[in-house]
Amino acid sequence: MNKASWIIIGLIILGLVAAYTQELPIMMNYLQVGAFWRTGLLTGLLVGIATLLFFFFKSDLVPDDVVAKMRWSSSILFASMLLCPLFLSWTNRLGVSKNNAQEVSVIFESEQARYTSRFGNPSGVKQQANQFILFFFQDGQLRRVNGQHPFFPGAQTGDSLLLNINTGRWNYQWVVP
């Protein structure tokens, strides 16, 4: 491959990392986070298998070497499993505005304040919290969401509170700050 191809591949990888950096906090705050990741990864696996079947049976682009086929196949499967959760999250929120959020009554369990840093904690200095994790019950299930500001500073365990919850196109819900 020539130099321009490597530059384009590098820019695509950089763009993918930037997209995941922006989207991952939203992905992890879906109220159905487990179902979201299962659906995204399973969809990616199925899309990858369908793509492989198409290429192996209908295309002349498939290499003849067995090792090259294995590399090609694993690259397609890995790329599709990497991209599908991202596209699932984007399409879930596509065209859904913050004004569509509904106030839902939830039961407050607790809120934890934490300090997190990619570079560790400086020794001897007490840091201010920069992450707040809200635990609440909705429809009998314990749920959690992260935020950068306290959700309900004066709430006590068992209080009934209203949260703005938005529902996307694929019925995955998230808390609107």
Closest non-hydrogen contact found for Ser105 with Ser160 is OG-OG, 3.0 Å
Report the C-alpha separation of Thr157 and Glu109 in whole Å, then their side-chain angles, then the decisive distance to 0.1 Å, and conclude whether the side chain to side chain contact (heavy atoms under 4.5 Å, CB included) test is met. CA-CA 5 Å; Thr157 301; Glu109 174 59 31; 3.9 Å; yes
Does Leu14 share a hydrophobic cluster with Leu82, counting links as ILVMFWY side-chain heavy atoms below 4.5 Å and allowing steps through other members? no
Find out whether Leu16 and Leu86 are in side-chain contact, i.e. whether some heavy atom of one side chain is under 4.5 Å from a heavy atom of the other. yes
Quick one: pull up OG1 in Thr51 and CG in Leu77 and give me the separation to the nearest 0.5 Å. 8.5 Å
Flag, side chain of Glu111 to backbone of Phe152, donor-acceptor distance under 3.5 Å: yes
Quick one: does Gln131's side chain get under 4.5 Å of Asn146's, heavy atoms only? yes
What are the two closest non-hydrogen atoms of Trp174 and Tyr30, and how far apart are they? CE3-CE2, 3.7 Å
Rounded to the nearest 0.5 Å, how far apart are CZ of Phe108 and CZ of Phe137? 11.5 Å
Between Phe136 and Leu161, is there a side-chain heavy-atom distance shorter than 4.5 Å? no
Given side chain to side chain contact (heavy atoms under 4.5 Å, CB included), test Gln102 with Asn164 step by step and report yes or no. CA-CA 5 Å; Gln102 297 176 354; Asn164 289 327; over 6 Å; no
Nearest 0.5 Å, please: how far is CG in Leu41 from CG in Leu88? 10.0 Å
With rounding to the nearest 0.5 Å, note down the distance linking CG in Leu134 to CG in Asn29. 10.0 Å
Between Tyr172 and Thr39, does any side-chain donor sit less than 3.5 Å from a side-chain acceptor? yes
Aromatic contact between Trp170 and Phe36, with the criterion being ring centroids under 6.0 Å apart: yes or no? no
Search all heavy atoms of Ile165 against all heavy atoms of Val104 and return the closest pair with its distance. CD1-CB, 4.0 Å
Take Arg93 and Glu23, measure what salt bridge (Lys or Arg N to Asp or Glu O under 4.0 Å) needs, and give me the verdict at the end. CA-CA 11 Å; Arg93 295 183 307 109; Glu23 196 68 21; 2.7 Å; yes
Determine whether Phe54 and Trp72 fall in the same hydrophobic cluster, where Ile, Leu, Val, Met, Phe, Trp and Tyr are linked whenever their side-chain heavy atoms lie under 4.5 Å apart. yes
Give me the atom names and distance for the closest heavy-atom approach of Gln173 to Thr167. NE2-OG1, 3.3 Å
In sequence, state the C-alpha distance, the side-chain angles, and the governing distance for Gln138 and Arg143, and then conclude on side chain to side chain donor-acceptor pair (under 3.5 Å). CA-CA 7 Å; Gln138 179 193 17; Arg143 308 223 188 240; 3.3 Å; yes
With no hydrogens and no angle check, just 3.5 Å: does a side-chain donor-acceptor pair link Asn2 and Ser5? yes
For Asn166 and Ser97 the tightest heavy-atom approach is ND2-O, 2.9 Å
State plainly whether one hydrophobic cluster holds both Leu83 and Val47, where clusters connect Ile, Leu, Val, Met, Phe, Trp and Tyr through side-chain heavy atoms under 4.5 angstrom apart. no
Nearest heavy-atom pair of Val175 and Val145: which atoms, and what distance? CG2-CG1, 3.8 Å
What I'd like to find out is whether the side chain of Asp159 reaches to under 4.5 Å of the side chain of Ile107, using heavy atoms alone. no
So does Pro85 get a backbone contact from the side chain of Ser89, meaning a donor-acceptor N/O pair under 3.5 Å? no
Among the clusters formed by ILVMFWY side chains lying less than 4.5 Å apart, do Phe57 and Leu52 turn up in the same one? yes
In this structure, CE of Met27 is separated from CH2 of Trp90 (nearest 0.5 Å) by 8.5 Å
Indicate, with yes or no, if Met28 and Phe135 share a hydrophobic cluster defined by side-chain heavy-atom contacts under 4.5 Å among Ile, Leu, Val, Met, Phe, Trp and Tyr. no
Answer yes or no: does atom CZ of Phe56 have more than 12 heavy-atom neighbours from other residues, nucleotides or ligands under 6.0 Å? yes
Run the side chain to side chain contact (heavy atoms under 4.5 Å, CB included) check on Gln148 and Asn130 step by step: do they pass? CA-CA 6 Å; Gln148 296 183 356; Asn130 62 359; over 6 Å; no
Distance (rounded to the nearest 0.5 Å) between Ser110 OG and Arg144 CZ: 10.0 Å
